[in-house]
Colleague: 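Encoded as structure tokens, here's the structure I'll be asking about.
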Amino acid sequence: MKNYDFKATEAKWQKRWEDEGVFHAEDGSSKPKFYGLVEFPYPSGAGMHVGHIKAYSGLEVISRKRRMQGYNVLFPIGFDAFGLPTENYAIKTGMHPRKVTDMNIKHFSDQLHSVGFSFDWTRVIDTTDEDYYKWTQWIFLKMFENGLVFRDKALVNYCPHCKVVLSNEDSQGGHCDICHSEVVQKAKDVWYLRITEYADKLLEGLETVDYLPNIKLQQVNWIGKSTGAFVNFKVKGSDDEELRIYTTRPDTLYGVTFMVMAPEHPMIDKYADRISNMDAITAYRKECAKKTEFERTQLVKEKTGVRIEGLSGINPVDGKEIPIYVADYVMMGYGTGAIMAVPAHDQRDYDFAKEFGIDIIEVIKGGDISKEAYTGDGEMVNSGVLNGINNKKDSIAKMIEYLEEKGCGEAGVQYKMKDWAFNRQRYWGEPIPIVHCPTCGMVAVPYEELPLRLPVVEQFEPGSDGESPLAKIDSFVNCKCPKCGGDARRETDTMPQWAGSSWYYLRYMDPHNNEALAARDKLEYWGQVDWYNGGMEHVTRHMIYSRFWHRFLYDIGVVPTKEPYAKRTAQGLILGPDGDKMSKSKGNVIDPMDVVNEYGADVLRTYVLFMGDYEKAAPWSESSVKGCKRFLDRTWGLQEILVPGDEYSPELEVAINKTIKKVTEDIEGMKFNTAIAALMTLINDIYDNGKLNNAELKAFVTLLYPFAPHITEEIWEAQGFSGMLANGNWVDFDADKCVDATIEIVAQVNGKIRAKLNIAADAASDEVLALAKADEKVAAEISGKTIVKELYVPGRLVNIVVK
RNA sequence: GCCGGUGUGAUGGAAUUGGCAGACGUGCCAGACUCAAAAUCUGGUGGUGGCGACACCGUACCGGUUCGAUCCCGGUCACCGGCACCA
């Protein structure tokens with residue numbers, strides 16, 4: 001038998017699958033549909049990472065199996081190609097981003113093909129294609145039309161290195177997601193998408209989908225809903241104005257001894273001329289503005305602030321006058337930017353009160369407020385109408401009722417999630433299709449004019465004043481107002497990278513449609529993505545954004561489902577051989593193409609799924625890769641011990657049925673490592689048996705096919721089996737033949753193993769117990785003692801308890 | 001600080017309605033083939049004691065429930081991830 005030439009064979013089958021179109025999904029087929037989605041890559045110049053291989057191999061195996069099980073499978077791929085790395089590369093080399101992108105996409109496509117992924121390449125999409133981003137702009141305009149887009153001057157996250165405004169999601173941990181520089185707060189005019197309006201819908205939607213529990217939880221935490229109340233405090237010294245605060249504990253209102261405003265609070269500016277110590281306050285505010293986000297969070301323990309002389313609050317429930325401070329432990333971006341402080345029952349307020357010598361009044365019994373704030377439950381005291389109530393829930397409800405009656409407050413909710421800062425001062429993104437008209441204000445570009453194309457420019461550097469490169473292109477900027485026809489200017493900022501990826505899964509359903517983002521019948525046929533796999537890093541960003549866009553599209557009648565993804569899973573990282581996260585600087589990066597060249601795509605695919613629990617991080621191991629190579633070589637070698645026979649032989653029948661059951665179930669549960677282990681066990685059994693027949697080889701090769709499709713197709717063809725495995729059928733198992741006729745069970749005395757017994761699988765309890773007691777070892781252990789209890793766990797063990 | 005997760009041989013990891021701990025792979029040891037090496041094949045491989053059949057111990061640590069705990073409960077420690085002065 002000839003040796004297996006993986007290079008030639010893998011190329012051969014990749015070409016044949018492509019030529020015969022075996023992975024093309026069929027719109028409207030009567031077969032059951034399965035839509036498996038993987039996160040499309042950003043086509044970087046560096047080429048694919050082993051992480052991509054692992055991320056795609058999971059659903060790749062599931063898709064190949066489902067096709068064999070008679071499903072109409074949509075397993076598409078595309079490229080999320082707008083973004084900063086490409087633009088920065090263009091700036092460095094002087095190449096146009098369009099050219100860079102085309103080059104990188106070609107490179108990625110070649111690499112993806114060489115791994116043998118069964119994508120439907122007739123549906124490939126590119127977010128930078130104008131036929132694609134036309135619809136990204138279209139959705140933006142629909143949001144604009146529906147009041148979900150607004151412009152506001154606000155403090156935003158700004159990356160001084162990338163010279164770009166970032167959303168909250170893009171600056172997690174206070175660092176720029178692209179260059180990891182420290183993010184600073186800067187006042188700027190910003191386009192926002194009103195995602196907070198969808199906060200409740202996003203929370204509700206989570207109850208209808210099948211995401212891994214930690215994924216759901218992370219989203220819930222990110223949205224960060226809290227319930228409480230808004231309370232209005234009259235301000236003495238103002239023009240009869242009220243200071244509005246948000247609290248989750250309105251029941252502690254009688255314990256308020258001061259109030260705090262964020263340094264940026266507008267009321268300070270409004271009454272600047274009446275505040276006698278305005279100089280001190282101005283100095284404090286300056287100091288706060290200098291602190292980076294990082295410093296503000298690191299200095300948690302130290303509380304700083306300045307009392308506002310000239311303004312004081314009036315507690316609405318007891319009329320007491322209380323001081324107001326400005327302090328940076330209160331943020332302008334959450335709630336109303338002002339709080340009521342209850343030092344007895346909030347540790348931050350407690351620390352501040354200690355620092356500034358403010359009264360601490362206990363209103364909930366149960367703690368020791370001479371030491372620290374008490375945040376637990378207990379009986380209400382010193383609290384007027386609430387006195388005597390002894391649980392949080394009732395006291396809060398009672399207080400809200402009281403506030404609403406008196407007209408000085410009401411129940412309210414708050415979210416940690418903020419509106420989505422949506423514009424970027426960069427070239428390589430979708431132009432925002434808005435025109436600024438001196439008379440009409442912000443005007444939408446008419447739908448007929450989409451796509452609003454990116455103009456061809458020579459310079460991609462952002463302006464030093466933080467302006468987009470597009471601002472320098474007069475022919476782009478100057479235009480007529482679509483409403484009044486007068487001279488107007490185009491918006492020159494572009495959309496963030498997350499725009500194109502917020503709806504791409506819809507485009508796969510109908511990628512070449514020029515009339516709509518996708519035809520209604522196709523949206524209805526494919527429905528929800530049945531299974532979406534990707535990285536945990538996208539859970540509080542891409543996943544939130546796209547669920548928001550999808551739900552909006554549902555609300556305006558464009559898509560038939562509320563939620564885009566029925567099921568979501570996530571793969572674990574592949575770490576470097578040293579156990580650290582792979583990074584260029586550490587020099588521990590594995591290039592998947594090196595593995596393909598040295599061992600073949602089948603080995604790479606099998607290894608990334610065999611290396612450990614799919615959902616957990618695992619280090620790369622070169623010698624384990626060789627182990628997978630050995631396994632596939634042994635598979636090829638099965639042909640040498642092949643004998644005729646079209647039914648499973650008695651020697652292997654049970655082993656094969658068991659393996660079919662295990663592999664079939666494990667693949668669906670993403671337990672790829674144990675599925676492959678079961679196949680390794682089976683091949684060991686086969687070699688121990690010394691031979692296998694055609695039926696057995698067919699079963700083995702079919703089970704292995706989703707993992708290692710090239711070598712299995714080659715064996716199938718070499719043995720003259722009919723058709724292609726890619727078009728073949730999955731194998732079924734016979735449940736009756738998954739159990740051995742005789743089994744080995746354990747005999748315990750007092751829970752300790754004393755013997756092993758061979759019994760018939762269907763032996764009765766009495767029989768087995770009698771057999772156990774007859775055993776020499778067991779008999780020795782129980783002789784002369786009283787039997788307290790006897791039990792038989794069918795198929796597992798017997799246990800005799802003696803005294 | 002809050003939320004979540006994890007902890008098993010030399011090593012990646014198996015095993016869950018509570019029932020033989022360590023499947024499968026790697027590494028290592030021994031043997032076969034070879035002038036030799038690589039590759040391949042065969043056997044062994046949790047620890048301690050014993051020539052030995054065997055005994056005892058063992059799933060981060062302490063305790064509990066149970067005939068029986070890697071699994072359930074209470075507490076402790078370590079590591080990983082997310083959020084973080086969120087009122």
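Naming: A, B, ... by sequence-line order, numbering from 1 per chain.
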Colleague: Which atom names give the shortest non-hydrogen contact between A:Thr606 and A:Phe707, and what distance separates them?
Modeller: OG1-O, 4.0 Å
Colleague: Between A:Tyr614 and A:Ser57, do the side chains contain an N or O donor and an N or O acceptor separated by less than 3.5 Å?
Modeller: no
Colleague: Quantified in whole Å, what is the P atom distance between nucleotide B:U40 and nucleotide B:A55?
Modeller: 39 Å
Colleague: Please tell me which of the listed nucleotides, B:C20, B:C56, B:C85, lies nearest to the side chain of A:Lys756?
Modeller: B:C20
Colleague: Using atom C1' in both nucleotides, what's the gap between B:U8 and B:A69 to the nearest angstrom?
Modeller: 14 Å
Colleague: Using atom C1' of each nucleotide, how far apart are B:G31 and B:C24 to the nearest Å?
Modeller: 24 Å
Colleague: Taking B:U76 as the reference, what is the distance to B:A87 when you measure between their C1' atoms (whole Å, please)?
Modeller: 33 Å
Colleague: Give A:Lys626 one of three labels, base, sugar-phosphate or nothing, depending on what nucleic acid heavy atoms sit under 4.0 Å from its own.
Modeller: nothing
Colleague: Contact class for A:Ile753 vs. all strands (heavy atom < 4.0 Å): base, sugar-phosphate, or nothing?
Modeller: sugar-phosphate
Colleague: Write down the distance separating the P atoms in B:C67 and B:G18, rounded off to the nearest Å.
Modeller: 16 Å
Colleague: Can you measure A:Lys658 atom NZ to B:A23 atom P for me and round it to whole angstrom units?
Modeller: 16 Å
Colleague: What's A:Glu790 touching, base or sugar-phosphate or nothing? Going by heavy atoms closer than 4.0 Å.
Modeller: nothing
Colleague: With sugar-phosphate meaning primed atoms plus P, OP1 and OP2, does A:Asp613 contact a base, only sugar-phosphate, or nothing at under 4.0 Å between heavy atoms?
Modeller: sugar-phosphate
Colleague: Can you figure out which of B:C85, B:G19, B:G27 approaches the side chain of A:Tyr329 most closely?
Modeller: B:C85
Colleague: If we count only N and O atoms by modelled type, under 3.5 Å, do the side chains of A:Asn157 and A:Asn168 hold a donor and an acceptor together?
Modeller: yes
Colleague: Of A:Gly627 and A:Asn214, whose closest RNA chain B nucleotide lies nearer the 5' terminus?
Modeller: A:Asn214
Colleague: Measure from the side-chain heavy atoms of A:Met680 and tell me the nearest of B:G13, B:C67, B:C24.
Modeller: B:C24
Colleague: Give a yes/no on whether any side-chain N or O of A:Tyr334 is located under 4.0 angstrom from OP1 or OP2 of B:A87.
Modeller: yes
Colleague: Quick one: on RNA chain B, does A:Ser226 or A:Leu791 contact a more 5' nucleotide (nearest heavy atom)?
Modeller: A:Leu791
Colleague: Look at all strands and tell whether A:Ser621 reaches a base, only sugar-phosphate, or nothing, counting heavy atoms closer than 4.0 Å.
Modeller: nothing
Colleague: When syn is taken as a glycosidic angle within 90 degrees of 0, is B:G50 syn or anti?
Modeller: anti
Colleague: So if I take every side-chain heavy atom of A:Lys303 and compare against B:U26, B:C85, B:G82, which nucleotide ends up nearest?
Modeller: B:C85
Colleague: Please determine, by modelled atom types, if A:Glu39 and A:His538 share a side-chain donor-acceptor pair under 3.5 angstrom.
Modeller: yes
Colleague: Taking atom C1' in both B:G64 and B:A53, what distance in whole Å separates the two?
Modeller: 38 Å
Colleague: Does a side chain donor of either A:Asn315 or A:Tyr254 reach within less than 3.5 Å of an acceptor in the other side chain?
Modeller: no
Colleague: Under a 3.5 Å cut-off for both distances, is B:G1 Watson-Crick or wobble paired, and to whom?
Modeller: B:C83
Colleague: Please give the nucleotide sitting opposite B:G74 as a Watson-Crick or G-U wobble pair, both distances under 3.5 Å, or none.
Modeller: B:C62
Colleague: What integer number of Å spans the C1' atoms of B:C57 and B:G44?
Modeller: 22 Å
Colleague: What does A:Asp633 touch in the nucleic acid at a heavy-atom separation under 4.0 angstrom: a base, only the sugar-phosphate, or nothing?
Modeller: nothing
Colleague: Name the nucleic acid region contacted by A:Lys671, choosing base, sugar-phosphate or nothing; use a 4.0 angstrom heavy-atom cut-off, strictly under.
Modeller: sugar-phosphate
Colleague: Rounding to a whole Å, what distance do you find between A:Ile339:CD1 and B:C85:C1'?
Modeller: 9 Å
Colleague: Under a 3.5 Å limit for both distances, which nucleotide forms a Watson-Crick or G-U wobble pair with B:G22, could you say?
Modeller: none
Colleague: In whole Å, what is the span from the NZ atom of A:Lys416 to the P atom of B:C3?
Modeller: 11 Å
Colleague: Among B:C67, B:G12, B:G19, which is the nearest nucleotide to the side chain of A:Phe610?
Modeller: B:G12
Colleague: Establish, with yes or no, whether the OP1 or OP2 oxygen of B:U40 is under 4.0 angstrom from a side-chain nitrogen or oxygen of A:Arg634.
Modeller: no
Colleague: For A:Ala678, report the nucleic acid contact type (base, sugar-phosphate, nothing); a contact means any heavy atom under 4.0 Å.
Modeller: nothing
Colleague: From B:A14, B:C85, B:G82, pick the nucleotide closest to the side chain of A:Gln218?
Modeller: B:G82
Colleague: Nearest-Å distance, CD (A:Glu665) to P (B:A15)?
Modeller: 13 Å
Colleague: Could you check which nucleotide pairs with B:C28 in any of the strands shown, counting Watson-Crick or G-U wobble with both distances under 3.5 Å?
Modeller: B:G44
Colleague: Using a cut-off of 4.0 Å on non-hydrogen atoms, how would the nucleic acid contact of A:Asn221 be classed: base, sugar-phosphate, or nothing?
Modeller: sugar-phosphate
Colleague: May I have the distance from A:Phe672 (atom CZ) to B:C24 (atom C1'), rounded to whole angstrom?
Modeller: 17 Å
Colleague: Look at the rings of A:Trp420 and A:Tyr545 and say which category their plane angle falls in: under 30° parallel, 30 to 60° tilted, over 60° perpendicular.
Modeller: parallel
Colleague: Provide, to the nearest angstrom, the distance between the CZ atom belonging to A:Arg754 and the P atom belonging to B:A55.
Modeller: 6 Å
Colleague: B:A23 and B:C3: how far apart are their C1' atoms, nearest whole angstrom?
Modeller: 35 Å
Colleague: Should A:Arg630 be listed as having a side-chain N or O under 4.0 Å from OP1 or OP2 of B:U40?
Modeller: yes
Colleague: Nearest whole angstrom, please: distance from the P of B:C83 to the CD of A:Gln219.
Modeller: 13 Å
Colleague: Anything under 30° is parallel, anything over 60° is perpendicular, the rest tilted; go ahead and classify A:Phe352 against A:Phe356.
Modeller: parallel
Colleague: For the side chain of A:Leu797, starting at C-beta, report the closest nucleotide among B:G12, B:G19, B:G4.
Modeller: B:G19
Colleague: Please report, rounded to the nearest Å, how far the P atom of B:A15 is from the CG atom of A:Asn673.
Modeller: 7 Å
Colleague: Compute both the distance and the angle, then confirm whether A:Lys626 meets the cation-pi test with A:Tyr599: under 6.0 Å from the six-membered ring centre, within 45 degrees of the axis.
Modeller: no
Colleague: Do A:Gln218 and A:Asn214 pair up side chain to side chain, a donor and an acceptor below 3.5 Å, judged on atom types alone?
Modeller: no
